[in-house]
Amino acid sequence: MPLLTTQSAKGYGFSNLVSATAVTSYESIATAMGTGSSRTITFSSIPSTFKHLQLRIMAQGNGPGGYPTSLESFRLNGDTGSNYATHNMIVDNNITTTQAGNSYPTNNAADFFYLPGADSSFYGNVIIDILDYTNTNKTKVLKNIAGSDRNGSAAKGRVAMNSMMWNNTDAINSITIVGDSTYHGNWSTSSSFALYGIKG
Amino acid sequence: MPAGATYDKIATTTLTSAGSIDLSSIPSTYTDLVVVLRGKSSGSTNNIRLRFNGDTASNYSNLRFLAYSGTADSNAQTNMTSAGIGDWGSIEGAAIINIFSYANTTTWKNYASRSVEPDYTSMYSGQWRSTSAINQITILYPSGSLATGTTATIYGIARA
């Protein structure tokens with residue numbers, strides 16, 4: 001049974017079928033699942049053996065949802081100093097917005113992305129790239145693409161591209177994500193946070 | 001400790017004649033899927049879309065963030081029979097589609113995509129309102145065809 005076929009206007013054809021291969025520089029480090037009773041997810045003791053990290057999230061909270069006030073907080077190495085800044089390009093349904101989120105140096109965590117609250121089987125997703133995370137000569141910068149679409153429902157759909165700076169040159173060894181307390185609440189039990197390492 | 005290598009190439013294909021691309025019999029052994037597309041329209045149609053599991057009912061929606069000719073634009077599409085993933089016309093473009101938790105049978109499925117071609121840059125977030133595991137992805141222009149030579153590669157990512 002072929003894994004992939006092409007369907008053309010003139011008939012069916014197969015081209016360049018390739019079997020799965022195990023050669024990759026992308027490795028799974030750890031996965032955390034929501035518990036339904038906590039709004040905090042932490043990855044600690046992150047190995048320093050990769051060049052970049054990627055965090056892939058599909059999640060919802062058990063709160064009422066709503067934005068923009070339900071932005072989730074993102075903290076590195078447990079740093080609670082005023083060392084974070086973010087910028088955002090956002091579409092909330094049909095409204096395009098660009099903004100500077102947290103203005104350095106006033107925030108003790110970055111409001112880095114939005115995820116929905118409790119709503120049936122509706123989840124949001126985020127892919128966060130953490131570049132050169134062990135380099136002790138560079139201030140750390142991160143970017144993400146985030147989305148949650150709810151068939152046009154107001155106050156629930158958003159697609160965004162966000163950047164973040166952590167004004168610190170330390171190697172990153174832990175990541176903490178905290179759901180907004182008012183709107184988002186605890187992470188549902190089907191919420192998934194998967195951390196990967198990319199070799200360079 | 002790392003759990004092991006992942007981001008496996010499942011398959012790749014190149015259209016040998018104009019039409020749509022059908023990625024079928026997708027294994028359920030991964031957590032997320034990534035589809036990398038490279039190609040163009042065989043005509044002037046420029047909104048490339050997808051369907052899951054051959055579902056042609058109005059179960060799709062998407063948000064689009066688009067930049068073209070110096071203009072930023074956005075729109076929401078609801079109750080559609082397919083979902084938008086990119087914007088290329090008769091000029092070569094590329095797109096990367098990330099599909100999350102595609103094999104779970106608890107949540108509706110959602111995806112994020114980015115698309116580029118010389119005149120358009122766009123970003124999508126979309127949803128398929130079904131809890132079925134995804135085993136087939138169709139890439140298409142609803143009122144046109146992908147050009148001969150358009151290539152799709154599908155990868156699987158497994159979490160620890």
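Here the structure is a predicted model, which is why all the values come from computation and not from measurement. Proteins get letters first, then strands, A, B, ... in listed order; numbering begins at 1 in each.
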Visitor: Out of curiosity, N151(A) CG to W128(B) CH2, how far, rounded to the nearest 0.5 Å?
Guide: 14.5 Å
Visitor: Which atoms of I46(A) are under 4.5 Å from chain B, going by heavy atoms: the side chain, the backbone, both sets, or neither?
Guide: neither
Visitor: Hey, what do you get for CD (Q54(A)) to CD1 (I157(B)), rounding to the nearest 0.5 Å?
Guide: 6.0 Å
Visitor: For the atom pair CG (D8(B)) and OH (Y26(A)), what is the distance rounded to the nearest 0.5 Å?
Guide: 11.5 Å
Visitor: Using the rule that Ile, Leu, Val, Met, Phe, Trp and Tyr join whenever any side-chain heavy atoms are under 4.5 Å apart, tell me whether L23(B) and Y141(B) fall into a single cluster.
Guide: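 In one cluster with L23(B): Y141(B), yes.
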Visitor: Check whether S121(A) reaches the backbone of T106(B) with its side chain - one donor and one acceptor, N or O, closer than 3.5 Å.
Guide: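 Checked: pair present.
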Visitor: Decide whether Y60(B) and L33(B) are clustered together by the hydrophobic rule: side chain heavy atoms of Ile, Leu, Val, Met, Phe, Trp, Tyr closer than 4.5 Å, transitively.
Guide: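 Yes, it is one cluster - the side chains of Y60(B) and L33(B) are joined through contacts under 4.5 Å.
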Visitor: What closest approach, in Å, do A158(B) and S28(A) show between heavy atoms, and which atom pair accounts for it?
Guide: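 Heavy-atom minimum between the residues: O-CB, 3.6 Å.
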Visitor: Are I97(B) and L140(B) connected, step by step, through hydrophobic side chains (Ile, Leu, Val, Met, Phe, Trp, Tyr) whose heavy atoms are closer than 4.5 Å?
Guide: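 Different clusters: I97(B) never reaches L140(B) through Ile, Leu, Val, Met, Phe, Trp or Tyr contacts under 4.5 Å.
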Visitor: Can you get from I177(A) to I172(A) by hopping between Ile, Leu, Val, Met, Phe, Trp and Tyr side chains that sit under 4.5 Å apart?
Guide: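 Linked, I177(A) and I172(A) end up in one cluster.
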Visitor: Heavy-atom distances under 4.5 Å only: say whether N135(B) touches chain A with side chain, backbone, both or neither.
Guide: neither
Visitor: Run the side-chain contact (heavy atoms from CB on, under 4.5 Å) check on M58(A) and T107(B) step by step: do they pass?
Guide: CA-CA 10 Å; M58(A) 180 174 168; T107(B) 71; 3.1 Å; yes
Visitor: Treat each ILVMFWY residue as a node, draw an edge where side-chain heavy atoms are under 4.5 Å apart, and state whether W88(B) and L66(B) are in one component.
Guide: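 No, W88(B) does not connect to L66(B) through the hydrophobic network.
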Visitor: Answer with side chain, backbone, both or neither: which region of I57(A) has an atom nearer than 4.5 Å to a non-hydrogen atom of chain B?
Guide: backbone
Visitor: Taking side chain as C-beta onward, heavy atoms only, is R64(B) less than 4.5 Å from V91(A)?
Guide: no
Visitor: Would you check if the side chain of S125(B) reaches a backbone N or O of V159(A) as a donor-acceptor pair within less than 3.5 Å?
Guide: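 Flag not set: sc S125(B) to bb V159(A) has no pair under 3.5 Å.
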Visitor: Would you indicate whether the side-chain heavy atoms of Y7(B) and I198(A) approach each other to under 4.5 Å?
Guide: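 In short, these two side chains do not touch, never coming nearer than 4.5 Å.
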Visitor: When rounded to the nearest 0.5 angstrom, what distance separates CZ in R56(A) from OG in S101(B)?
Guide: 9.5 Å
Visitor: Using non-hydrogen atoms and a 4.5 Å limit, figure out which bit of Y155(B) sits close to chain A: side chain, backbone, both or neither.
Guide: neither
Visitor: Side chains of D149(A) and N110(B): any donor to acceptor distance under 3.5 Å?
Guide: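 The answer is no; no qualifying pair exists.
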Visitor: Between atom CZ of R150(A) and atom CD of Q127(B), what is the distance when rounded to the nearest 0.5 Å?
Guide: 6.5 Å
Visitor: In terms of heavy-atom pairs under 4.5 Å, which option from A194(A), G147(A), S190(A) contacts chain B the most?
Guide: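 Looking at each option in turn, the highest pair count goes to G147(A).
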Visitor: Does any donor atom in the side chain of S192(A) or R159(B) lie under 3.5 Å from an acceptor atom in the other side chain?
Guide: yes
Visitor: Contact part of T150(B) toward chain A, heavy-atom cut-off under 4.5 Å: side chain, backbone, both or neither?
Guide: neither
Visitor: Report yes if some heavy atom in the side chain of N125(A) is under 4.5 Å from a heavy atom in the side chain of N98(B); otherwise report no.
Guide: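 N125(A) vs N98(B): side chains apart.
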Visitor: Return the CD1 to CZ distance between I145(A) and F65(B), rounded to the nearest 0.5 Å.
Guide: 11.0 Å
